[in-house]
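Computed from heavy atoms alone, side chains included, the values below leave out hydrogens, waters and symmetry copies. As the structure is a computational prediction, the values presented were derived from the model and not from experiment.
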Amino acid sequence: MAHSKSRATDGRVTYPPGVKEISDKISKEEMVRRLKMVVKTFMDMDQDSEEEKELYLNLALHLASDFFLKHPDKDVRLLVACCLADIFRIYAPEAPYTSPDKLKDIFMFITRQLKGLEDTKSAQFNRYFYLLENIAWVKSYNICFELEDSNEIFTQLYRTLFQVINNGHNQKVHMHMVDLMSSIVCEGDTVSQELLDTVLVNLVPAHKNLNKQAYDLAKALLKRTAQAIEPYITNFFNQVLMLGKTSVSDLSEHVFDLILELYNIDSHLLLSVLPQLEFKLKSNDNDERLQVVKLLAKMFGAKDSELAAQNKPLWQCYLGRFNDIHVPVRLECVKFASHCLMNHPDLSQRPHRVLEDLALVNDQLLNFVRERTLDKRWRVRKEAMMGLAQIYKKYSLQVEGGKEASKQISWIKDKLLHIYYQNSIDDRLLVERIFAQYMVPHNLETTERMKCLYYLYATLDPNAVKALNEMWKCQNMLRHHVKDLLDLVSKPKSEASSKAVFSKVMVITRNLPDPGKAQDFVRKLAQVLEEDERIRNQLETLVSPACSCKQAEGCVREITKKLGSPKQPSNPFLEMVKFLLERIAPVHIDTESISALIKQVNKSIDGTADDEDEGVPTEQAIRAGLELLKVLSFTHPVSFHSAETFESLLGCLKMDDEKVAEAALQIFKNTGNKMEESFPHIKSVLLPVLQHKAKKGPPRQAKYAIHCIHAMFSNRDTQFAQIFEPLHKGLDPASPDQLITPLTTLGHLAMLAPEQFAGPLKSLVANFIVKDLLMNDRFPGKKTTKLWVPDDEVSPETLAKIQGIKLMVRWLLGVKNNLSKSGNSTLRMLTAILSSDGDLTEQGKMGKPDMSRLRLAAGCALLKLAQEPCYHEIITLEQYQLCALVINDECYQVRQAFAQKLHKGLCRLRLPLEYLAIFALCAKDPMKERRAHARQCLVKNINIRREYLKQHASISEKLLSLLPEYVVPYAIHLLVHDPDYVKVQDIEQLKDIKESLWFILEILMAKNENNSHAFIRKMVENIKQTKDAQAPNDPKINEKLYTVCDVAMNIVISKSTTYSLESPKDPVLPTRFFTQPDKNFNNTKNYLPPEMKSFFTPGKPKAANVLGAVNKPLSSAGKQLLTKASRMETISNASSNSNPGSPGRNKGRLDSGDMDHSENEDITSLKKDKRDDSDMTRDSDKPRGRKRNAASSQDDDSGQDAKPKRGRKKAANTSAVDTSDQWTEESRVGDVSMETEDEQNSPPKKGRRGRPPKAATPKEDTPSKGRRGRKKAAAPPPEEEEADEEDEEEDQSSEIMEVKPKGGRQARTPRRSQQRVEASEATDNSAESTPQKRRGRPPKSAQQPAKKTARGSRSSAGAKENESVDEMDTSQHSMEEEEEEEEGEEQNESEYTTLKVRRKAVGRRERR
């Protein structure tokens, strides 16, 4: 041993046996040979060989000299590196090298040699692997912890290893690299930012894609060292995210990518980082919030992610971003939520997880997505809708999650179809695409496709059904437009044909997205059709009624292929054509499909279908199937032309279910025009059935049977005669229950064949209908204080009288002339019914519900006659005004049904413009939903007329009857003759007038199109220069006229800044209403009392959108035009705009004892338990933007004179007899129902406005206010499918669907109002409560179940998803075209017995 030490100290190098000195004097080959022997020697040594360790100490020092470390030959360097690695192993834990600089040089040298690992096919690879294995096993680099430059050494090592790793390396190489690097992290005192960057950079997406193996290596390293490295990762993110020190690392700009990757590697790495993201979600920087939202969407949606459960505060904060003010943020949230389930395909293999995940998504995410389907941005809406569609298809159609999961998301189908109510054509097109691809996939086999459609239709809610029907109708109309275009381009060119083509191009353009660009493309398509016969033939096949689904797909493919060549990167013309083809291609319905659908219905009838398995009761499935067939018979009538189909429908006619038989009759009517020729055997069986139903069937079936005969048989006159004679002779007024069907049948015969039965009909009307039926009350009515009862409680005599009124009207509509003066007599009869409050004989035998029914029938009959020009001309102004007052009837259901009829007639441009002015009286309605509905009707009608004028710019001669602004003179005239306007200068009455005028003017003035404000001002000025044509010599009437004009003028001045400009044209006033202006008369006097000035508050009118009523029924109206409700007593307290301090608070029109029962129930059922709530929020209900007249007081009200009854004038008992005589004495033209005495001087009577009189004490007259909250949109009352169907059949092309709005802020609505209306869901069905007998607070005997029902209704409103439509034109858009008469009250009696108002809250709780 001593000998060895002496060798070490004397500096001589001892080589292993057989190895000569290694120096620069030998060749490279010899040096390599000698080094290999040295390597083998060190390789065989172990740590216990103390003698050999001493012996070769100088050799170890020699090998670390610069000669070897900087040798140019790589083989020499490799062998030296292997020797050094073994030396560290042998001499561990103390290395033979003591100089820090030398140690640094050695480890940097070894690191450089590790680059040789990159070439796995090298002959020396095994030695490189040995080097790696050695230093990893020994943890040689740990020696560097004490060095000052350790960070540089470690960083270089990490970089080298990440650079050399590749897919040629096996698992051992990967393992040794991880061992080597992890020992440095786990056993060191610190991890520098530079070293951390060296690891994290491999997680950045760009680097990850370049070197997947380096990413895997970094991932394995981080998993191995998670606990040790976590503090350094936390510090890095804290520096960047919280302190904003982006200079600490070059990776600062990739922090969000790194967070995602680290979370996917090991969530524990981010335990302290995730709370920082919550802070970032609330950043004021839009881009920063967007980045965090994108990151969290991936983290929450990751497979098996439990982040939402682990970090609930972060989850809740993330959910708040669904309402972010920044559109891209909302879009990202929707993308995440709607695709969440789609990113978990493994859920189908784990049913227990499906429900768990679906519950999470449905409760917390899908509700947000549902809101975003109404987002104001199209991109967000589209993403939300597509996401919901994919989820529906996966879990409902493909039933991947089982029945429970399917049931959980069943609301999606309704919600998606509700979007069809949107104004935007983009939304509609997307709904059509979703329906064809996701809800009823068109690529399914025919039987499966029809089964899918059958059960879908059976489970849709009523509003979704209407939307689907409207969708088919719109597609069918567009098909007809394209067919017309094909016919036009096939004709020889001429100036007339070119104009016709251009006009048709414009019509088609409006059915495509971006009409501005689409116009050019449709023109180009028309040109292509002229030039390319092949494309024209394909398109003709596509739009032909006989086109099958397979043919349609082939035609679409051929057309797009032809127009798409040569291929271009972007071809907007082709995209537009695809949109068009997508809408007109019949991909669902053809003859084969109808046959399959009929078979499916037959299975349900036979009881062999799996209805219960589909969750649909058999009876409901059959009824829905027939309704579906009925709708399809409008749009695809040719597809029904098969014996099998008609035979199945014959079977349906014999079923006991009346609805099923009705639908079958309608289908026959729509599709049987060629039955006589093509299916004579069906005709011979069908005719006796039709005759039987016409004579003895239910009224609606009798009606359809008559129309079937009229549409299907050539010898209809003979068939009609065989039906008419026995029915005519068998009429017996003593048996009213036996009269309803015969009168219905005779009425339709009178309309369809008036000439054939001219003589008998005139006698029938004069002698039987008027004298025997209407002028006699044979059976005393049931005494009740109710104003309305369900259909089954209406007396047969009243139902017969209603049918008698309809028969008269139908007869006149069939005759279409007034040569016999029958029109005058009928009008006098109808107005006599209205004047007598429905009790024509005034004997007091009729019950109040029966009187309400007759008032409604008379009002609707007047509206129907007014739609025929020959009868409109003979309706006097007094009769028109009496008809208008029906919209203020004391019975809620009468007001509701009358408004619906009025709205439909106006929408079709059938009713003259003066009838639009009737809606001004709705400002007086005590029920908020009725005012909201009236406003919607106004908005829609005004928009329809403006759109019509834009499309028909050349019809200037009809401007007076179409321009919406011309409704102002009619409204002024109507309000002048309002029976409530008694004292010319009375402030309260003038405030009523102001509210009524503003109700219309606000919508008209929302857009100052063509300087319409100045036009309205000029029109009002011109009226002041005329006199009232109805009473030109009555100074009081004319003073009223000028006063109302001044009210209108002040409204225009206060709400417009452009009223003083020059009017674009000189207004023309209606001569029936106003005299010609007197040139010598210059009326500049101001007729308003000075106190009125404070009530005209300046401010621009709010833009009115036809959509606004759905999400924001009173968003505009609630600010100015509906403060009328503030001057109402108990019945109007539900309004969010109520103002108890208003001076006219108790001004009313309805005696308490005569209040509508349903309204009383609404109030009494709520006030009992809601007083405290409303008292606490007393100040929360004030309308905004309106000044208060604080000086006014309740004392003014108490001194107010009682007002006259609305539209009821005292008629002598003899008047009824006179009325009946008018039918036999045609020369008599006097109107027994109208008296000449001044209305204002008539004694006060009970009004039918629906509001109590002003006799309550101040204490009782100050009800508590409602709580402010978000207004849920009211859904329409559920109507029968055929409501007003004949109205709809008259002109389907003019029917314009009520649309649903995009999202937006909701109008504020008091909680009291919500509960009052919701309570009516329970109470209106029964209609049991008694009208209140005293003023002030209603009695505390409200039914408790009603209150409970209201609460339940509100709590489930969101899940039901019936928010898609508000109280719009709720009757289904029928597509019949043949019939031209009115039938709606047959089910008005049932439609309006129940007022079901559902509320919706689309919370646009945006971040700011």
Quiz item: What do the steps show when you test Ile110 against Ile106 for side chain to side chain contact (heavy atoms under 4.5 Å, CB included), and what is the final call?
Solution: CA-CA 6 Å; Ile110 294 175; Ile106 291 172; 4.0 Å; yes
Quiz prompt | Validation row, ring centre Tyr91 to ring centre Tyr97 under 6.0 Å | solution = no
Quiz item: Do Leu114 and Leu161 pass the side chain to side chain contact (heavy atoms under 4.5 Å, CB included) test, and can you show the C-alpha distance, the side-chain angles, and the key distance before you say yes or no?
Solution: CA-CA 8 Å; Leu114 288 174; Leu161 294 180; 4.2 Å; yes
Quiz item: Out of Glu148, Glu146, Glu152, which residue meets the salt bridge (Lys or Arg N to Asp or Glu O under 4.0 Å) rule with Lys104?
Solution: Glu152
Quiz item: Does a donor on one side chain sit under 3.5 Å from an acceptor on the other, for Tyr158 and Asn202?
Solution: no
Self-check item: Counterpart residues, side chain to side chain contact (heavy atoms under 4.5 Å, CB included), relative to Glu194 (two or more places apart)
Solution: Asn151, Thr155, Arg159, Ser192
Quiz item: What's the shortest heavy-atom distance between Arg112 and Leu69, and which atoms?
Solution: NH2-O, 4.2 Å
Practice problem: Could you check if a side-chain atom of Tyr130 sits within less than 4.5 angstrom of a side-chain atom of Asp86, using non-hydrogen atoms only? | Solution: yes
Quiz prompt | Candidate list Phe42, Phe107, Tyr141, test ring pair (Phe, Tyr, Trp, His ring centres under 6.0 Å), partner Phe88, passing option | solution = Phe107
Self-check item: 4.5 Å side-chain heavy-atom contact, Val32 and Val76
Solution: yes
Quiz item: If we only count heavy atoms from C-beta on, is the Cys82 to Asn134 side-chain gap below 4.5 Å?
Solution: no
Quiz item: Atom OG in Ser99, atom CG in Leu61: separation rounded to 0.5 Å?
Solution: 11.5 Å
Practice problem: Please examine the side chains of Leu35 and Leu63, heavy atoms only from C-beta on, and report whether any two atoms are closer than 4.5 Å. | Solution: yes
Quiz prompt | Heavy-atom check, side chain of Gln156 versus side chain of Thr160, under 4.5 Å | solution = yes
Exercise. Locate the shortest heavy-atom distance separating His174 from Leu217; write the atom from each residue and the value.
Key: NE2-CA, 3.6 Å
Quiz item: Heavy-atom count around Lys102 NZ within 6.0 Å, excluding the residue itself: above 12?
Solution: yes
Quiz item: Out of curiosity, Leu262 CG to Leu200 CG, how far, rounded to the nearest 0.5 Å?
Solution: 6.0 Å
Self-check item: Asp257: partners by side-chain hydrogen bond (donor to acceptor under 3.5 Å, both in side chains), with sequence neighbours left out
Solution: none
Practice problem: Measure the NZ-CE distance between Lys36 and Met43 for me, rounded to the nearest 0.5 Å. | Solution: 11.5 Å
Quiz prompt | For Glu133, salt bridge (Lys or Arg N to Asp or Glu O under 4.0 Å) partners two or more places apart | solution = none
Exercise. Begin from the C-alpha positions of Phe68 and His62 and carry the test ring pair (Phe, Tyr, Trp, His ring centres under 6.0 Å) through to its verdict.
Key: CA-CA 8 Å; Phe68 291 107; His62 177 59; 5.0 Å; yes
Quiz item: Do Gln193 and Asp197 have a side chain donor and acceptor closer than 3.5 Å?
Solution: yes
Quiz item: Among Lys172, Lys139, Arg224, which one satisfies salt bridge (Lys or Arg N to Asp or Glu O under 4.0 Å) with Asp179?
Solution: Arg224
Quiz item: Parallel, tilted or perpendicular: which fits the ring planes of Phe145 and Phe154, with parallel below 30° and perpendicular above 60°?
Solution: perpendicular
Practice problem: Side-chain contact test, heavy atoms from C-beta onward, threshold under 4.5 Å: evaluate it for Met181 versus Val199 and give yes or no. | Solution: no
Quiz prompt | Separation of Asp75 CG from Met31 CE (nearest 0.5 Å) | solution = 12.0 Å
Self-check item: Where Val191 and Val185 come nearest, the two heavy atoms and their spacing
Solution: CG2-CG1, 4.1 Å
Quiz prompt | Heavy-atom closest pair, residues Phe125 and Leu117 | solution = CE1-O, 3.4 Å
Quiz item: Salt bridge or not for Glu29 and Arg33, using N-O below 4.0 Å?
Solution: no
Practice problem: Determine whether Val38 and Pro16 make a side-chain contact, defined as any pair of heavy atoms from C-beta on separated by less than 4.5 Å. | Solution: yes
Quiz item: So, the side chain of Arg89 versus the backbone of Met45: is there a donor-acceptor pair under 3.5 Å, distance only?
Solution: yes
Self-check item: Non-hydrogen atoms of Thr560 and Arg557 that approach each other most closely
Solution: OG1-O, 3.0 Å
Quiz item: How long is the gap from OH on Tyr232 to OG1 on Thr190, to the nearest 0.5 Å?
Solution: 4.5 Å
Practice problem: Work out which heavy atom in Asn571 is nearest to a heavy atom in Gly564; give both atom names and the distance. | Solution: ND2-CA, 4.4 Å
